[in-house]
Peer 1: 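Starting off with a structure, shown below.
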Amino acid sequence: MNSYEIRKTFLDFFKEKQHKIVSSAPMVVKDDPTLMFTNAGMNQFKDAFLGNSPAPAPRVADTQKCLRVSGKHNDLEEVGHDTYHHTMFEMLGNWSFGDYFKKEAIEWAWELLTHRYGISKEILYVTVFGGDKSDNMPFDEEAYNFWKAIVPEERILMGSKKDNFWEMGDTGPCGPCSEIHIDLRSEDEKQKVAGKDLVNMDHPEVVEVWNLVFIEFNRMANGSLQNLPAKHVDTGMGFERLCMALQDKKSNYDTDVFQPLIRQLEEMSSLKYGENEDNSIAMRVIADHVRAVSFAIADGQLPSNAKAGYVIRRILRRAIRYGFTFLNQKEPFIYKLLPVLVHQMSETFPEIKKQQQLISNVIFEEEQSFLKTLEVGIQMLEKVMKDASGKGQEEIPGKVAFEMYDTYGFPLDLTELILKENNLSVNRKEFDEEMAKQKARSRQAADMKTDDWIILRSQDATVFTGYDALESEVKILRYRKLETKGKTQYQLVFDKTPFYAESGGQVGDTGYIEDENGHKTEIKDTKKENNLSVHLTNKLPDNPESTFKAVVSSHIRTLTANNHTATHLLHHALRDVLGTHVEQKGSLVQHDYLRFDFAHFSKMTDEAIAEVEKRVNRMIRRNIPQDEKREMQLSEAKEMGAMSLFGEKYGDKVRVIRFGDSVELCGGTHVEATGQIGLFKIRSESAIAAGIRRIEAITADKAEKYVNKKIDQLEQITAMFKNTKDAVKSVQQQIEENKKLQKEIDKLHKAQAAGLKDKLKKDIMPINGVNFLAKKVDLDMAGVKDLAFALVADVENLFLVLANSDGKKANLTVAVSKNLTEEKGLHAGNVIRDLAKEIQGGGGGQPHIASAGGKNPGGIQSALDKAHKLIS
Ligand code: SER
């Protein structure tokens, strides 16, 4: 089977077993502070396991794009060096939410592998959780017995907590698991060592393919395990490893998932995969990383300097560096792999094709800039190496290697490789110390600790009442303490809430809750954590059990709604004016302004900006009423032409917001009718990345104030010109006039300088065969220089010192005729250093002309006297 058929067989199999097939969630996680990237198929169902929100169906299956590059599951450093780990990989999964449990999960996994895929039972091993004392967990006898009914007992192995108790992160859903491992070695090798001795021993051909997790617990922040309200199944099978097994290969990279990319790399580098270990590692690294980076960009995560964006940038840089060092790629090359990747993956993941141009642009630009950094870094390293060799040292300081890493993105192994070519090495101890210091610094910066939730009432999910009302009577379902950088706050979850939780670019609502005794607690912000709406306060209400009146700050909400609706109108107008390639890449909707990022390849012209603004204002004036469909089928909404976002997770039912021809899938809060926005004004248009533009704009009062201020300024300017009808023309005339006047002033200065020159010539004294002149003049620096050059040109054997001052500072200029330097050794640069001491300054220059500045104008006369003495 090719990889496409393998994937399809999995999904078809579980469809037959009444599973609902869902799409992969985006790889970049937006609203879970414990997770940056999707690291397992079950992430998108975390809330369903915890009982915070309903599952999409009792049985679900999918293929999920996962990225394991940070946090608890991080394989980055292994990738490329072995043949079966990846940054991005597909996880085939099936789930039961309180429906079937261990028996079906085990039997179906076996049926699919051995019957449908036809894998020989002889090469499969299974593991079962052997129990753990610290968690007070017994051996999973139930799973053992189900396996025993279908697998010979010698193929069932006991596993430890490390391998057979699966946890998503430090906290969250978890449970014992059973893994299925496959032994792909040759018969000869199997004779030598039994497969069961190699299970979970990091052997590249004896690998885990499928993990069946029996989710029963929630790991709490205090480390304890809490029983979940229901028992669930969460399975995950490594798609690329399954392909390796079914295509009879020894490495994931030999399957049709990676081979086209590797072929292209061979062609680009004129090297052969498999011939040399370093080159092969590099090809594996790049083939893996281009997938991770491309899909992250397609899901809306651009490389950047912070958080998830930084992780993506580092992955891409790792690939660039391997190409640079081992495949001799000194120019951008990774972006050239995009057509191959798109050809391969777009049938299953169409987002990659739709975003191809953008992904290619972004990768190209990142490559270009990092290659420049690499070059600068190498130059710097060369200098360090030269210094070290010059001093006879064999080691360079760990600090330098750390700087190479931190500033120039050189990992230690690259620095070491370059050093080794020059018989040098790094002081590893010092390097490790620097690294530890940096880690401590970033831990401090990211320091955020939460206690476990205190549950007051149990309820599935919060009802959002804030589309219809800004006040609700609410009860607290749960709360917990939050410590961020030494500051204590509390998070509250209500049974229902009028507070909008930050999402879709719109900031969270603020306001207060008031208890029965009239005591108010301020709500500072509202955020989403998975599907929970979490309200942030600085103090806990005195009686959390009480009933509260929750009140949203309505003024702020109204202004925010103006900006949110204006964002939709802007999006629509941009597509009309620039074309339908314009796609939203990010937005920020606050009460005081809006920001909209979108895909477009060039700077917008002033005319286009004006046209967009005009169209938005026209839609505002039409006072188009809001048309809200709160629960529409996703397919119906898409048919209606509703705009959706890449990287956004949509359920089957979506909310659609329509203002005339602008139709968007959106959960945000909007105006009743566009007229309320009043006025829309674009403040700036700029680039934020390759092919991505940003517009910042204001609306309503703020826009009115801005326009009025501009008019006021114009009126003030107009008033300065008496009797003008056209201030712009008057300012232009004024500028022209100033230019003319400046020219005349320059002419006069020149004439004055010529007069001064003639006057000064009369003061020249011949001393010891030198024409000497030392004088203070009333000119600026440029005038002094001109005068000095003019005098040297006119007078032979001249030794000239000119001083000038603005009253606060003093300047000296020394000029010497060429022949004097040669015959008498008079060097202007040396002389000035000496003279400058008198004005408490310093300076230097050429043998023929030099100048110096100082802070003591009172010393000018002594400097001139000193020059006289020198010549005498
Ligand atoms: N969550 C488990 C894993 O990631 C099974 O899907 O291995």
Side-chain angles (χ1 to χ4, degrees), residues 7 10-11 13-14 19 21-22 24-25 27 29 32 34-50 55-56 59-76 78 84-97 99-102 104-106 108-110 112-113 125-129 140 143 159-182 199-200 202 207-219 225 228 231-242 252 530:
R7 192 190 285 113
F10 178 91
L11 297 174
F13 177 83
F14 282 103
H19 285 64
I21 310 301
V22 301
S24 172
M27 208 163 62
V29 176
D32 186 340
T34 67
L35 203 62
M36 221 181 244
F37 300 104
T38 298
N39 65 12
M42 54 75 69
N43 293 165
Q44 63 167 316
F45 309 116
K46 180 178 169 186
D47 276 335
F49 289 128
L50 294 176
R59 298 176 181 187
V60 169
D62 74 6
T63 179
Q64 171 66 50
K65 298 172 279 182
C66 295
L67 192 59
R68 290 196 167 172
V69 289
S70 60
K72 187 173 166 67
H73 300 278
N74 184 351
D75 296 328
L76 183 60
E78 269 101 321
Y84 59 104
H85 277 102
H86 299 291
T87 55
M88 183 203 148
F89 63 98
E90 277 179 66
M91 192 185 273
L92 302 168
N94 59 294
W95 290 275
S96 150
F97 300 100
D99 190 50
Y100 61 84
F101 202 43
K102 297 184 189 177
E104 293 83 346
I106 287 173
W108 288 342
W110 197 253
L112 175 62
L113 290 182
Y125 292 89
V126 302
T127 63
V128 169
F129 179 51
D140 189 356
S160 65
K161 178 174 165 183
K162 179 179 149 276
D163 293 319
N164 284 82
F165 192 90
W166 199 84
E167 312 203 27
M168 180 182 144
D170 293 334
T171 59
C174 56
C177 61
S178 249
E179 297 173 344
I180 304 174
H181 292 252
I182 193 160
V199 165
N200 275 329
D202 292 332
V207 292
E208 174 199 343
V209 278
W210 204 343
N211 187 12
L212 317 179
V213 187
F214 312 117
I215 301 241
E216 292 178 63
F217 308 105
N218 183 14
R219 176 75 71 187
L225 288 174
L228 288 173
K231 291 181 176 173
H232 315 283
V233 169
D234 154 35
T235 90
M237 174 145 62
F239 171 64
E240 296 76 8
R241 290 183 187 180
L242 179 65
N252 289 2
N530 302 297

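The chain is numbered in sequence order, starting from 1. When a ligand or atom number is given, it counts from 1 through the structure's own listing order.
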Peer 1: Hey, mind stepping through Asp32 and Lys46 against salt bridge (Lys or Arg N to Asp or Glu O under 4.0 Å) and telling me if it holds?
Peer 2: CA-CA 10 Å; Asp32 186 340; Lys46 180 178 169 186; 2.9 Å; yes
Peer 1: Taking 4.0 Å as the limit for heavy-atom contacts, which would you say applies to Met91 with ligand 1: side chain only, backbone only, both, or neither?
Peer 2: side chain
Peer 1: When you compare the side chains of Asn43 and Gln64, does any donor N or O come within less than 3.5 Å of an acceptor on the partner?
Peer 2: no
Peer 1: Within ligand 1, which atoms have a heavy atom of Thr235 less than 4.0 Å away?
Peer 2: 5 (C), 6 (O)
Peer 1: Name the closest protein heavy atom to atom 7 (O) of ligand 1, giving the residue it belongs to and the distance to 0.1 Å.
Peer 2: Asn211 ND2, 3.0 Å
Peer 1: Backbone, side chain, both or neither: what part of Arg68 comes under 4.0 angstrom of ligand 1, heavy atoms only?
Peer 2: side chain
Peer 1: Any atoms of ligand 1 less than 4.0 Å from a non-hydrogen atom of Gly236? List them with their elements.
Peer 2: 5 (C), 6 (O)
Peer 1: Considering both backbone and side-chain atoms of Val213, is one of its nitrogen or oxygen atoms within less than 3.5 Å of a nitrogen or oxygen in ligand 1?
Peer 2: no
Peer 1: Hydrogens and angles aside, do Trp95 and Thr235 bring a side-chain donor and acceptor to less than 3.5 Å of each other?
Peer 2: no
Peer 1: Does Met237 come within less than 4.0 Å of ligand 1, judged by its heavy atoms?
Peer 2: no
Peer 1: Between the main-chain N or O of Tyr84 and the side-chain N or O of Arg241, is there a donor-acceptor pair closer than 3.5 Å?
Peer 2: yes
Peer 1: May I ask you to identify the nearest protein heavy atom to atom 1 (N) of ligand 1, giving residue, atom name and distance to one decimal place in Å?
Peer 2: Asp234 OD2, 2.7 Å
Peer 1: Given 3.5 Å as the limit, does a donor-acceptor pair link the side chain of Ser24 with the main chain of Lys65, or not?
Peer 2: yes
Peer 1: So that I know where these two stand, are Phe49 and Phe97 an aromatic pair - ring centroids less than 6.0 Å apart?
Peer 2: yes
Peer 1: Quick one: does ligand 1 sit under 4.0 Å from the side chain of Leu212, the backbone, both or neither, non-hydrogen atoms only?
Peer 2: neither
Peer 1: Mark up the atoms of ligand 1 that fall under 4.0 Å of a heavy atom belonging to Met42, in ascending order.
Peer 2: 1 (N)
Peer 1: Answer yes if the ring centres of Tyr100 and Trp108 are under 6.0 angstrom apart, and no otherwise.
Peer 2: yes
